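Written below as structure tokens is the structure these notes are about.
If you're wondering where the values come from, they're calculated on a predicted model, not measured in any experiment.
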Amino acid sequence: MGGGGVWSVMVVVVMALLVQCINGEDAYRFFTWNVTYGDIYPLGVKQQGILINGQFPGPSVESVTNENLIFSVFNSLDEPFLLSWNGVQQRRNSWQDGVYGTNCPIPPGQNFTYVLQVKDQIGSFFYFPSLAFHKAAGGFGGIKISSRSVIPVPFPPPAGDYTILTGDWFKQNHTALRAILDSGHDLPFPDGLLINGRGSNGFTFTVDQEATFCWPGKTYRLRISNVGLTTSINFRIQGHNMLLVEAEGTHTLQNTYSSLDIHLGQSYSVLVTADQPAQDYYIVVSTRFTSPVLTATSILHYSNSGGKVSGPPPGGPTTEIDWSLNQARSIRQNLTASGPRPNPQGSYHYGLVNTTRTIRLANSAPVINGKQRYAVNSVSFIPSDTPLKLADYFKISGVFCLGSISDNPTGGGGYLQTSVMAADFRGFTEVIFENSEDTVQSWHIDGHFFFVVGMDGGQWSSASRSGYNLRDTISRCNVQVYPKSWTALYMPLDNVGMWNIRSENWARQYLGQQFYLRVYSPANSWRDEYPIPKNALMCGRATGRKTRPL
């Protein structure tokens, strides 16, 4: 072959490699959402709801590990608006987190495009509006992140996949609820529970039962999220057991449950098999640790049903804390399952990693300046006039102070502060949530997963470590703390950025039970954190600043 022929072959090979590189980029999915007000009747009373593309709840997001999701969000409300992504880790990218500490709100009549990647994640999550108590008006929807086809899933493909968004609801508009909180009072007791935006028997899930030798029937995946404001719930299905397979992106040990406690902000996947006589059955949610107990139902409908739902809805646990605690301890990680895992600090062998720091966080309910507030380590968070991430990036002084919240409970009275805690990139931190109150708490940490190594009643001490699960505890991003109890976590600080740590009780979050964790790397490298987005909105003391030239 002559030199020209060799050169031609080399060109073809190089071009083929280039095409492979181009085609090898992770896929993009594009969404255009219009956020509006609209009339909704979830509990039979007309309310002003927040709709996305005319829907309540909003559209479901379906994606695959590592895909890039582009959301063009148009704010057609009469007030600023932000969307956040509960459980999506935003690897190296707190710029897209969608809470006020990281993002300027989308002004009325304008739009903003979120560019995020579901990097190294699978599982069931949800999005919600994070500003101005908008969550009480709707604007939430489910997020499914499926495994890539080359990654085995530890259960057969289900015949169907349903998202169930459930939680407490109030008949008052979100503006009235916000006014109650702004006046220094707590919310009233919720008026009811919703399942996918509807009250009792307002929603039907249809399943097929094959009348063949393949009995006991087809199996379905239910992705259940507690998107409520103030209460834990219990979920159950009349006449059916549930096989737990996933909790917030982690494949679980496949235990069978007749009912499942789901605390505020939490998400689970269960498998349910249509193995009962062909008729309709109740799907039931009820509040936990409340008096009175609220209940709502939906229908599990067999497509070949021979009869309507019959009998009373099955009862569930009500105030039993030990029952819930024992169930929580039974939810563990499936150590044999594959997953899209980064491996920060060897954290999947978390029990062999030495912690570099211990942070103890105690919730409280102080009255400050004559008004009900909520606090963490005595600090009740107040938003600044400028998002903390922008102030940090542009080095705007006077917006926040690092160290404005202590690593330990102070035991003192509550005070107002824009609280930010400093943390070092690649640390491995022990976090203990301590709850001396008589109500269950639920906590979320943005940008990270953590290992729930222990929970128990009473006061935490260093001796409590002897009871930690250092082998196969669940990793997740939301965790409950029972009354007069503590919960301990191990958390790899593997994600540079400004991250919200908050109560998932939305009244407590709104009235100050949150703060920000600034995970810092001195390298100032794109390897550790993406640069500021070119389309980043500017507000407060960052108004008029330029993002970047490229």
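- Distance NE2/His240 to OH/Tyr281: 5.5 Å, rounded to 0.5 Å.
- Contacts of Phe128 classified as ring pair (Phe, Tyr, Trp, His ring centres under 6.0 Å), with partners at least two apart in sequence or in another chain: Trp506.
- In this structure, Asp407 and Arg360 have side chains that are not in contact, with every pair of non-hydrogen atoms separated by 4.5 Å or more.
- In this structure, a donor-acceptor pair under 3.5 Å is absent between the side chains of Asn241 and Thr256.
- Proximity of a side-chain donor or acceptor of Ser378 to a complementary backbone N or O of Gly412 within less than 3.5 Å is detected.
- Between Phe140 and Phe126, the gap from one ring centroid to the other reaches at least 6.0 Å.
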Audit row: Phe125, Tyr127, ring-ring contact (aromatic ring centres under 6.0 Å, His included) steps and yes/no = CA-CA 7 Å; Phe125 308 99; Tyr127 62 86; over 10 Å; no

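- For the residue pair Ser225 / Ser267, a side-chain donor-acceptor distance below 3.5 Å is found, with atom types taken as modelled.
- Side-chain contact annotation: Ser303 with Asp208, donor-acceptor N/O pair under 3.5 Å present.
- Residues Phe433 and Ser485 are not in side-chain contact: their nearest non-hydrogen atoms beyond the backbone lie 4.5 Å or more apart.
- Counting heavy atoms from C-beta outward, Cys477 and Ile445 have side chains that stay 4.5 Å or more apart.
- Contacts of Asp472 classified as salt bridge (Lys or Arg N to Asp or Glu O under 4.0 Å), with partners at least two apart in sequence or in another chain: Arg332.
- Between Asp161 and Arg223 there is a salt bridge, with a side-chain nitrogen of the basic residue lying less than 4.0 Å from a carboxylate oxygen of the acidic one.
- Salt bridge status for Asp494 with Arg91: present, with a side-chain N to carboxylate O gap under 4.0 Å.
- Ser60 OG to Lys144 NZ: the interatomic distance, rounded to the nearest 0.5 Å, is 6.0 Å.
- Lys46 has a carboxylate O that lies under 4.0 Å from a charged side-chain N of Asp39, or vice versa, which qualifies the two as a salt bridge.
- No side-chain donor-acceptor contact under 3.5 Å links Gln89 and Asn495.
- If you look at Tyr482 and His263, their ring centroids are closer than 6.0 Å.
- Under the 3.5 Å distance criterion, with hydrogens and angles disregarded, a donor-acceptor pair is assigned to the side chains of His444 and Asn478.
- Atom OG1 of Thr65 and atom CD1 of Ile122 lie 6.5 Å apart (nearest 0.5 Å).
- Contact record, Asp186 with Ile180: O-CG2, 3.4 Å, taken as the closest heavy-atom pair.
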Decide yes or no on ring-ring contact (aromatic ring centres under 6.0 Å, His included) for Trp169 and Phe56, but give the supporting numbers first.
-> CA-CA 13 Å; Trp169 192 260; Phe56 168 70; 5.6 Å; yes

Please test Glu246 against Arg221 for salt bridge (Lys or Arg N to Asp or Glu O under 4.0 Å), starting from the C-alpha separation and ending with a verdict.
-> CA-CA 10 Å; Glu246 178 247 333; Arg221 181 173 184 167; 3.1 Å; yes

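- Legend: residues meeting side chain to side chain donor-acceptor pair (under 3.5 Å) with Ser461, ordered by chain and number and at least two apart, are absent.
- Scored by the side chain to side chain donor-acceptor pair (under 3.5 Å) test, Ser380 finds Arg373 as partners (sequence neighbours excluded).
- Residues satisfying the side chain to side chain donor-acceptor pair (under 3.5 Å) test with Gln459, not counting sequence neighbours, are Glu434.
- Within the 3.5 Å criterion, the main-chain N or O of Tyr282 finds no donor-acceptor partner in the side chain of Arg236.
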Derivation of the salt bridge (Lys or Arg N to Asp or Glu O under 4.0 Å) call for Lys218 and Asp275 = CA-CA 8 Å; Lys218 291 184 178 180; Asp275 58 359; over 6 Å; no

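- Counting all heavy atoms, side chain and backbone alike, Lys171 lies closest to Asp191 at N-OD2, 2.7 Å.
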Start with the C-alpha gap between Tyr257 and Ser330, add the side-chain angles, then the distance that decides, and say whether side chain to side chain donor-acceptor pair (under 3.5 Å) holds.
-> CA-CA 10 Å; Tyr257 299 94; Ser330 74; 2.7 Å; yes

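- Ile283 is listed as a side-chain neighbour of Phe205, based on a closest heavy-atom distance under 4.5 Å.
- For the 3.5 Å distance criterion, the side chains of Asn86 and Ser84 fail to qualify, holding no donor opposite an acceptor.
- Taking Glu504 as the reference, Arg502 meet the side chain to side chain donor-acceptor pair (under 3.5 Å) condition, with sequence neighbours excluded.
- In this view, Tyr468 and Tyr490 satisfy the ring pair (Phe, Tyr, Trp, His ring centres under 6.0 Å) rule, not counting sequence neighbours.
- Remark: Glu248 CD to Ser269 OG distance equals 10.5 Å, nearest 0.5 Å.
- Looking at residues two or more places apart in sequence or on another chain, you find a salt bridge (Lys or Arg N to Asp or Glu O under 4.0 Å) between Asp261 and Arg288.
- Side chains of Ser464 and Trp486 form a contact here, defined as non-hydrogen atoms less than 4.5 Å apart.
- The two residues Leu260 and Val270 have their closest heavy-atom pair at CD2-CG1, 4.1 Å.
- Salt-bridge annotation for Lys484 and Glu437: absent, with no side-chain N of the basic residue lying under 4.0 Å from a carboxylate O of the acidic one.
- Applying the ring pair (Phe, Tyr, Trp, His ring centres under 6.0 Å) rule to Phe81 yields the partners His134; only residues at least two apart in sequence or on another chain are considered.
- Residues Gln441 and Gln513 bring a donor and an acceptor atom of their side chains to less than 3.5 Å of each other.
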Can you give the donor-acceptor pairs under 3.5 Å from side chains of residues 313-322 to other protein atoms, not counting sequence neighbours?
unit_1	atom_1	unit_2	atom_2	d
Glu320	OE1	Thr318	N	2.7

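- Within the 4.5 Å cutoff, the side chain of Trp499 has heavy atoms near those of the His448 side chain.
- Side-chain atoms of Thr358 and Glu430 include a donor-acceptor pair closer than 3.5 Å.
- Residues in residues 192-203 take part in these side-chain hydrogen bond (donor to acceptor under 3.5 Å, both in side chains) pairs, two or more places apart or across chains: Asn201-Thr297.
- A 4.5 Å side-chain heavy-atom check between Met455 and Gln480 finds at least one atom pair inside the cut-off.
- Minimum interatomic distance between Thr166 and Ile224 (heavy atoms only, all atoms of both residues): CG2-CG2, 4.2 Å.
- Donor-acceptor pairing under 3.5 Å is lacking for the side chains of Gln47 and Gln172.
- For the residue pair Thr410 and Asn377, no side-chain donor N or O sits within less than 3.5 Å of a side-chain acceptor on the partner.
- Using modelled atom types and a 3.5 Å distance limit, the side chains of Thr231 and Thr290 yield no donor-acceptor pair.
- Checked against ring pair (Phe, Tyr, Trp, His ring centres under 6.0 Å), Tyr516 has the following partners two or more places apart in sequence or in another chain: Phe381.
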